[in-house]
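A short write-up of the structure that comes next.
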Amino acid sequence: MAREYDDGYMEEEVRNKKKASSKSSSKKSSGKKTGGNKKSGGKSSGKKLSKKEQAKRQRRRIIIFVVEIIVLVIAVFFLYGVMSGTKSGKVDLKESDIIINDTVKEAQETTMKGYRNIALFGVDSTTGALTKNTRSDTIMIASINQDTGECRLVSVYRDTYLNLSNDSYNKCNAAYAKGGPEQAISMLNMNLDLNITDFVTVGFAGLTDTIDALGGVYIDVDESEISHLNNYQLCIAEDLKRSYTPVTSTGYQLLDGLQATGYCRIRYTAGDDFKRAERQREVLSAVADQAKKASLTQLTETANAVFSEVYTSLDLSEIIEMLGNVGTYYISETDGFPAEDMRTTGTIGSKGSCVIPTSLEDNVKWLHEFLFEDSDYEPSATVKECSEQIYQDTNGYLQ
């Protein structure tokens, strides 16, 4: 994949990187997920809950998980500047502006029953803008099984060639720049047959302190990563006007906030941006482990500190109320979209270097099996149309 050297923390040593073999890029959990269409196991009461009570209970389950997400996601999404003076906190999305494919609305009663999908964005901004006019440098989907507490994470590679939800095709990270979270969510829903209505966008300001507040994270660092990790944390430390501690040895070790931030920024080893997305998911899972060890006081203080640096559709008051149950949820498996065996890369005219799903339709089938264990999923007509257009737009450049 041709690289775009647009990283705000790129320095001379990173530009002149040496080729090095990377550790294995596959770190999936071997655990098998239980069935997707589950009924609630609790039968302590013979009463049938009203629709209003069911909706309230469902909302509470989501809030429990979001506490963890807001803590965890800080370890993944990186801005290039500090977010002082930026609009942040809660925003009420206009759900009427969010696209959900017609067949997916029906599928909420079948395949996706019992699941909640949340979009996680990290925006590429030197000014701290969170609302729009800046590309989402990192895009993830957190799919939560509300019956079991299991969560699966999928990175959508930022350069993936997709419909931006307005029949304009480009790198998918352009959707956030053009229309903020509403368009970025619509882009995900349209191309992937999802039903996302909630999101979290986070910035750089609270990253280091959040990880440090949790006592750091344990990461396995290899020889090819050390110099890049230190180069990145040096630049970040200069921006934050604080000192840093270089990583000097390989192996499984405790990284502090700056070190973990530097680790997640690495893209100049074997695997390029695909490997960087994997590192981000690795750190997210590592922070999840640390968050579960944190006290209620630590988590409450962290949530209060981080919320001013978060742009989200969720309420802080609800989050704080449910902090005591954060350990109920867990991240089981992670992966990237498009799938490794169903993607290619190429320069698509003026669009530049893109990640191209060889068949968007087949990738969506894979995604629904990965997230919801639906091995017989049939993509919507909208996905099929997008898949055909992507093929028409890109095939000539790949011959």
Side-chain angles (χ1 to χ4, degrees), residues 5-18 20 70-86 88 122-128 130 137-138 202-269 276 279-280 282-291 293-295 297-299 301-310:
Y5 295 98
D6 58 355
D7 198 316
Y9 291 120
M10 183 175 64
E11 66 276 4
E12 192 63 29
E13 184 171 350
V14 174
R15 287 194 183 95
N16 299 322
K17 71 183 188 305
K18 58 185 178 180
I70 285 190
V71 174
L72 306 186
V73 82
I74 291 298
V76 179
F77 305 130
F78 303 94
L79 296 179
Y80 296 94
V82 177
M83 294 168 35
S84 57
T86 301
S88 56
V123 292
D124 179 356
S125 171
T126 57
T127 61
L130 295 183
D137 194 48
T138 302
V202 296
F204 181 56
L207 170 64
T208 297
D209 293 336
T210 299
I211 295 177
D212 285 338
L214 293 173
V217 291
Y218 286 91
I219 298 293
D220 188 5
V221 181
D222 71 29
E223 186 64 38
S224 71
E225 296 169 327
I226 290 181
S227 63
H228 301 303
L229 186 162
N230 288 328
N231 290 336
Y232 279 121
Q233 70 159 328
L234 167 62
C235 294
I236 297 166
E238 288 177 348
D239 279 357
L240 295 179
K241 295 179 171 48
R242 61 179 67 181
S243 61
Y244 77 100
T245 304
V247 173
T248 58
S249 61
T250 61
Y252 188 72
Q253 58 192 289
L254 184 68
L255 301 185
D256 63 27
L258 278 172
Q259 292 166 343
T261 302
Y263 179 80
C264 283
R265 294 304 309 164
I266 299 170
R267 65 181 293 197
Y268 302 110
T269 62
R276 175 165 69 170
R279 289 187 183 96
Q280 292 170 352
E282 180 184 358
V283 169
L284 191 67
S285 296
V287 177
D289 293 338
Q290 294 300 94
K293 302 173 186 176
S295 67
T297 299
Q298 282 180 291
L299 290 175
E301 290 174 353
T302 300
N304 275 305
V306 169
F307 198 74
S308 64
E309 297 160 356
V310 169

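- Between I226 atom CD1 and N231 atom CG the span is 11.5 Å, to the nearest 0.5 Å.
- Shown here are the side chain to side chain contact (heavy atoms under 4.5 Å, CB included) partners of E238, two or more places apart in sequence or in another chain: L234.
- The two residues D212 and G257 have their closest heavy-atom pair at OD1-N, 2.7 Å.
- Here the closest non-hydrogen pair linking L258 and D256 is N-OD1, 3.2 Å.
- Only one option out of D220, I266, N230 pairs with E225 in a side-chain contact (heavy atoms from CB on, under 4.5 Å); it is I266.
- S224 contributes atom OG, which lies 14.5 Å from atom OH of Y268 (distance to the nearest 0.5 angstrom).
- When the side chain to side chain donor-acceptor pair (under 3.5 Å) test is applied to K293, the partners found at least two apart in sequence or on another chain are Q290.
- For Q259, there are no side chain to side chain donor-acceptor pair (under 3.5 Å) partners at least two apart in sequence or on another chain.
- Taking CD from E282 and SG from C264, the interatomic distance works out to 8.0 Å, rounded to the nearest 0.5 Å.
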Extract all donor-acceptor atom pairs below 3.5 Å that involve side chains of residues 245-255 and protein atoms in other chains or at least two apart in sequence.
residue, atom, partner, partner atom, Å
Q253, NE2, S249, O, 2.8
Q253, NE2, G251, O, 3.1

Test side-chain contact (heavy atoms from CB on, under 4.5 Å) on Y263 and Q280 and set out the steps.
-> CA-CA 8 Å; Y263 179 80; Q280 292 170 352; over 6 Å; no

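- For the pair H228 (side chain) and T269 (backbone), a donor-acceptor distance under 3.5 Å is absent.
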